[in-house]
There are 2 protein chains.
Amino acid sequence: MARAKKMAASPRKLPEQDRSRATVDTIIAAAARILVRDGYDAFTTNRVAEKAGVSIGSLYQYFPNKDALLSELMRRHTHAIEDGIEAMAERAKSAPLAEVVRIAIEHNVRSHLIDPELHRVLSEVPPLGKLDWEAAFTERMVSRVRDAFEAKRAEIVVADLDLAVYVVTHTVEAVVHNAVTERLADLKSGALAEEVTRMLVGYLTGKAVPAKRPSRAAAE
Amino acid sequence: MARAKKMAASPRKLPEQDRSRATVDTIIAAAARILVRDGYDAFTTNRVAEKAGVSIGSLYQYFPNKDALLSELMRRHTHAIEDGIEAMAERAKSAPLAEVVRIAIEHNVRSHLIDPELHRVLSEVPPLGKLDWEAAFTERMVSRVRDAFEAKRAEIVVADLDLAVYVVTHTVEAVVHNAVTERLADLKSGALAEEVTRMLVGYLTGKAVPAKRPSRAAAE
DNA sequence: GTGTAAAGTGAGCTATTACTCATATTATAC
DNA sequence: GTATAATATGAGTAATAGCTCACTTTACAC
């Protein structure tokens, strides 16, 4: 079903009273719960309505179709994540290269630690093919990283700057993304960020970056 | 709808005559075509049978259920990929660290260049949650990389060897995987492998690795 | 209180799915 | 040729999906 990917027409009806706003929130919360706990297969509109304790009719009063529900869920999660990203980007502007890389990683880590399970499920949800959604973050990161790299061009030895940006952004994304399920401790302690920063800075500058003391945890 | 993941009981009937073996091949081919061209949503048993030009009855004569069909498709693709992997692993045994890394990348690149679209779709197919299938390759790569790293322990400055293996394998997988759609030229020319090798070796050894001439393409 | 619109209900429609089975066709064995 | 097993067929079934709509209940305006 939902073969022809109808896109999220705006809500059939905008909730006006507190009661209905609460209903919408309940529905969204139920949707998230089902996705996280039971996976996309179990994510049916009937089930969501049931779990939310409202009738399917109510659900379709605020969401024109299933995709719209998913969309709104993503929109809210995205919003939560991108909160504060501007400040970070600003901070990166006047920072040395190593710090730029560290900030990019830090931002990525933060993204993944806000409701990590939901984040993971959303990134694997079929209707958007994984391409549209997580790619949106990466894309934004890419352009910011590119700007930062151009400002520090002199320190970077990699000939093809686009390639450098590509390697850095995808490395960060993959390493962090998988760490949520495979190396959570290293993620939280900052050890992973430490390693990856060292690796990437070394790659970019062409100079060896001394490993910090392997002893106590790094910043953050 | 295939919620409770019944696993691939062996084919209901083993094809004995040439005619039926051809039927099976046709079905598998149609399955692959549909997956690649229309995505998993369109991958229904009825459609596969239709595209293959056989009746659904015939399909269910050789595949006990939908998952079994998918399984067999994966099995065949996997087989094509892992062909020759042993030789590579052997080659890595007596090679220097840089060469080990390069071989790991090379293997990964090869995996992704055999029917790349199919590879990508299979890695995103819902029933296996992406965890089971591609993870199988990565896992095998992980253990081989780990062995190789242990043999070269002296050259590696990273304190936590597991962490090093984790970073290297996931970096390789992500960078190569995405390059299929984003940087195919660099993938095929070897430029990407070049960059990533330099980065990873630098990371592992803690020493700067001079970039090769940015001019003509690298090995292979 | 009364009118009106917002909010909420849920049986049921339509479409589609994975899968079955009684039957027909083709090939091999002798 | 005839028997027997292999192969192929496709209308039909049960389940479940997304979604509708005629209707009831609740809240606000005056």
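On a predicted model such as this, the values are computed, not experimentally measured, just so you know. Here is how names work: the chains are called A, B, and so on, in the same order as the sequence lines, proteins then strands, and each is numbered from 1.
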Worksheet item: Would you say the base of D:dA17 and the side-chain of A:Asn46 have a donor-acceptor pair closer than 3.5 Å?
Response: no
Discussion item. Tell me which residues in residues 48-57 of chain A lie within less than 4.0 Å of DNA chain C, going by non-hydrogen atoms.
Written reply: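 Those residues are A:Val54, A:Ser55, A:Ile56, A:Gly57.
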Worksheet item: Is the backbone N or O of A:Ala104 less than 3.5 Å from a side-chain atom of A:Asn108, with the two atoms forming a donor-acceptor pair by type?
Response: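 Not confirmed, A:Asn108 side chain does not pair with A:Ala104 backbone.
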Worksheet item: Taking B:Ser20 for the side chain and B:Thr23 for the main chain, is one N or O donor matched with an acceptor at less than 3.5 Å?
Response: no
Nearest whole Å is fine: how far is [N] [atom2] from [X] [atom1]?
{"X": "B:Phe43", "N": "C:dC19", "atom1": "CZ", "atom2": "P", "result": "11 Å"}
{"X": "A:Gln61", "N": "C:dT9", "atom1": "CD", "atom2": "P", "result": "10 Å"}
{"X": "B:Asp41", "N": "C:dT17", "atom1": "CG", "atom2": "C1'", "result": "12 Å"}
{"X": "A:Asp18", "N": "C:dG8", "atom1": "CG", "atom2": "C1'", "result": "16 Å"}
{"X": "B:Asp25", "N": "D:dA8", "atom1": "CG", "atom2": "P", "result": "12 Å"}
{"X": "A:Leu59", "N": "C:dG10", "atom1": "CG", "atom2": "C1'", "result": "13 Å"}
{"X": "B:Phe63", "N": "C:dT20", "atom1": "CZ", "atom2": "P", "result": "15 Å"}
{"X": "B:Arg21", "N": "D:dA8", "atom1": "CZ", "atom2": "C1'", "result": "16 Å"}

In terms of side-chain heavy atoms of [X], which of [options] is nearest?
{"X": "A:Lys66", "options": "D:dG18, C:dG8, C:dT17", "result": "D:dG18"}
{"X": "A:Gln17", "options": "C:dC19, C:dT9, D:dA27", "result": "D:dA27"}
{"X": "B:Tyr62", "options": "D:dA8, D:dA27, D:dG18", "result": "D:dA8"}
{"X": "B:Tyr60", "options": "D:dT20, D:dT9, C:dC19", "result": "C:dC19"}
{"X": "A:Thr44", "options": "D:dG18, C:dC19, D:dT9", "result": "D:dG18"}

On the nucleotide [N], are OP1 or OP2 found under 4.0 Å from the side-chain N or O atoms that [X] carries?
{"X": "A:Thr45", "N": "D:dG18", "value": "yes"}
{"X": "B:Thr23", "N": "D:dT7", "value": "no"}
{"X": "B:Ser58", "N": "D:dT9", "value": "yes"}

Worksheet item: So, for B:Ile81 and B:Ser111, which heavy atoms are closest and what is the spacing to 0.1 Å?
Response: CG2-OG, 3.4 Å
Response to the item:
Looking only at heavy atoms, the pair that brings A:Leu59 and A:Thr45 closest together is CD1-O, 3.6 Å
Item to complete: Side-chain contact test, heavy atoms from C-beta onward, threshold under 4.5 Å: evaluate it for B:Val125 versus B:Leu35 and give yes or no.
Response: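 They are in side-chain contact.
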Going by atom types only, do [X] and [Y] share a side-chain donor-acceptor pair under 3.5 Å?
{"X": "A:Asp83", "Y": "A:His79", "result": "no"}
{"X": "A:Tyr62", "Y": "A:Glu72", "result": "no"}
{"X": "B:Tyr40", "Y": "B:Glu124", "result": "no"}

Practice prompt. Select from A:Arg19 and B:Ser20 the residue whose nearest nucleotide in DNA chain D is closer to the 5' end of that strand.
Written response: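 Between the two, 5'-proximity favours B:Ser20.
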